[in-house]
Amino acid sequence: MSRSAHPAGPRHADVLPEGHYSAPPADLNALDPKVWAQTVTRGDDGAVTVGGIPVGRLAEEYGTPAYILDETDFRARARAWRTAFGPDADVFYAGKAFLSRAVVRWLNEEGLNLDVCSGGELATALSAGMPADRIAFHGNNKSAEEITRAIEAGVGRIVLDSFQEIVRVAHAAQSLGKRQRVQIRVTVGVEAHTHEFIATAHEDQKFGIPLAGGQAAEAVRRALQLDGLELIGIHSHIGSQIFDMSGFEVAAHRVVGLLKDIRDEHGIELPEIDLGGGLGIAYTSDDDPREPHEIAKALTEIVTRECEAARLRTPRISVEPGRAIVGPTAFTLYEVGTVKPLDGLRTYVSVDGGMSDNIRTALYDAEYSVALVSRTSDAAPMLARVVGKHCESGDIVVKDAFLPADLAPGDLVAVPATGAYCRSMASNYNHVLRPPVVAVRDGEARVIVRRETEEDLLRLDVG
Ligand code: LLP
């Protein structure tokens, strides 16, 4: 990504400061389809519409800030993943990206499975009717209660993350008189090219059991000995927001290597391999994500090739995309509160949300784009930093972006690609209320997660 100071366009500085930005876009009113949900477009009056509804109407009806989710786009992406992998593979949507009961129903209808990683996500999935055998249960520290609940519910697989958990799940299953289908999550030793906090396949971290030093092979030995477990496969998740397929290639090579060792030692061929999620999306026009069919083709080819070389039957492949399905389908709608130009630096644009509805910028140095959506403007581009209302200078939503210089309080701006890891990581910092998620489809909008209220806050505070 090119990131250099650019001389054009500011209203209050001749030379722009160092920052994370490239040139201002040729047309500030244009909406790059790469970063905006499928049905987002500008109406004749210049206001942005989604699913046929103008953002002004959404703001009036549901208030700001609000996450606006394009259901048509969500379903289309879910379907694209499902179709790309076909009937001989499984797509598990990673619920951690964003989960609600409506989402569970959409997934169910579109034929996707679901990955959950806590009792809360499991409860949401079950309460919205996801068949338990299509649920995978993840986590590096599942509680005894969560394990029991998952087994009782009949989840399709539990992904084992440690030696201790192998024993815990086996005992829990046995005491319930069941045999639980499990996968073992391994760390393959890949350095994924992504932020340190969201890379998960290098060995020095909390997830999985390292292939290195024969630890994963030992985990397999133990799992195979326990009556309460049916070992169905090996799982690898290398990280998140990844564009480069080479990490998956190395992971598949190493996981298939383990499958081969298992065949040689135990005489069995495990029937499944899960390559996790982690496929990147476009947050700005500089990002170039791959399409699901390209990803499916690449992953299937890699696994098939590796298995042929190892003389193994190709196992059933599964994947767990979260961000790539829900991320691009939503934007956060904010109202501009104050506009503060700092001479020679940039203009601080304060919106009515912030790090409580999008922690990703502060936490991962994430980059986002932003646009004025309640109207068009012919004003010159101004270098802006979109900040929230929290008592913290790190409360930044969009670090550097160009907005029209006539931006004013009351304007609506929207930050695209906030469908993943924004509502699901939202907090109540400063007792700011978490925004609603409003789903829009074919000219109709409905709240699928309502706005938090002060009563909600006070209900938890028992005095
Ligand atoms: N499978 C497993 C086992 C995972 O741990 C994850 C994400 C996924 C699938 C889905 O990954 P995705 O396709 O959504 O990248 N909060 C961070 C991302 C953390 C990802 C955690 N695990 C962020 O906002 O970037």
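Order of appearance sets the numbers: ligands from 1, and atoms from 1 within every ligand.
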Using a strict cut-off of 4.0 Å, indicate which atoms of ligand 1 neighbour a heavy atom of [X].
X	result
D115	1 (N), 9 (C)
S240	11 (O), 12 (P), 15 (O), 18 (C), 20 (C)
H138	3 (C)
P321	13 (O)
A94	8 (C), 9 (C), 10 (C)
R185	3 (C)
G322	12 (P), 13 (O), 14 (O)

Taking non-hydrogen atoms only, is [X] closer than 4.0 angstrom to ligand 1 via side chain, backbone, both or neither?
X	result
R323	both
Y364	side chain
R360	side chain
V159	neither

Heavy-atom closest pair, residues S100 and T124: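 Minimum heavy-atom contact is C-CG2, 4.0 Å.
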Heavy atom of A324, distance to ligand 1 below 4.0 Å: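 No, that is not the case, since the closest heavy atom of the residue is not under 4.0 Å from the ligand.
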G278 to ligand 1, any heavy atom closer than 4.0 Å: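 Yes.
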Distance-only polar pair, side chains of R323 and Y283, donor-acceptor under 3.5 Å: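 On atom types as modelled, these side chains qualify, holding a pair under 3.5 Å.
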Side-chain heavy atoms of V449 within contact of Y67, under 4.5 Å: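 Heavy-atom side-chain distance check fails, nothing below 4.5 Å.
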Atom CZ of R101 with >12 non-hydrogen neighbours under 6.0 angstrom: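 No, the 6.0 Å shell around CZ holds no more than 12 heavy atoms from other groups.
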Pick from H237, Q241, E320: the one approaching atom 6 (C) of ligand 1 most closely through a non-hydrogen atom: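 When every heavy atom of H237, Q241, E320 is considered, H237 comes closest to atom 6 (C) of ligand 1.
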Counting distance only, does the side-chain N/O of [X] pair as donor-acceptor with the main-chain N or O of [Y] below 3.5 Å?
X	Y	answer
H237	G239	yes
E272	G233	no
R290	I295	no

Pair R221 + E218, salt bridge at N-O below 4.0 Å: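 Between E218 and R221 there is a salt bridge, with a charged N closer than 4.0 Å to a carboxylate O.
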Geometric class of the H235/H138 ring pair [parallel <30°, tilted 30-60°, perpendicular >60°]: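 Aromatic pair H138/H235 classed perpendicular.
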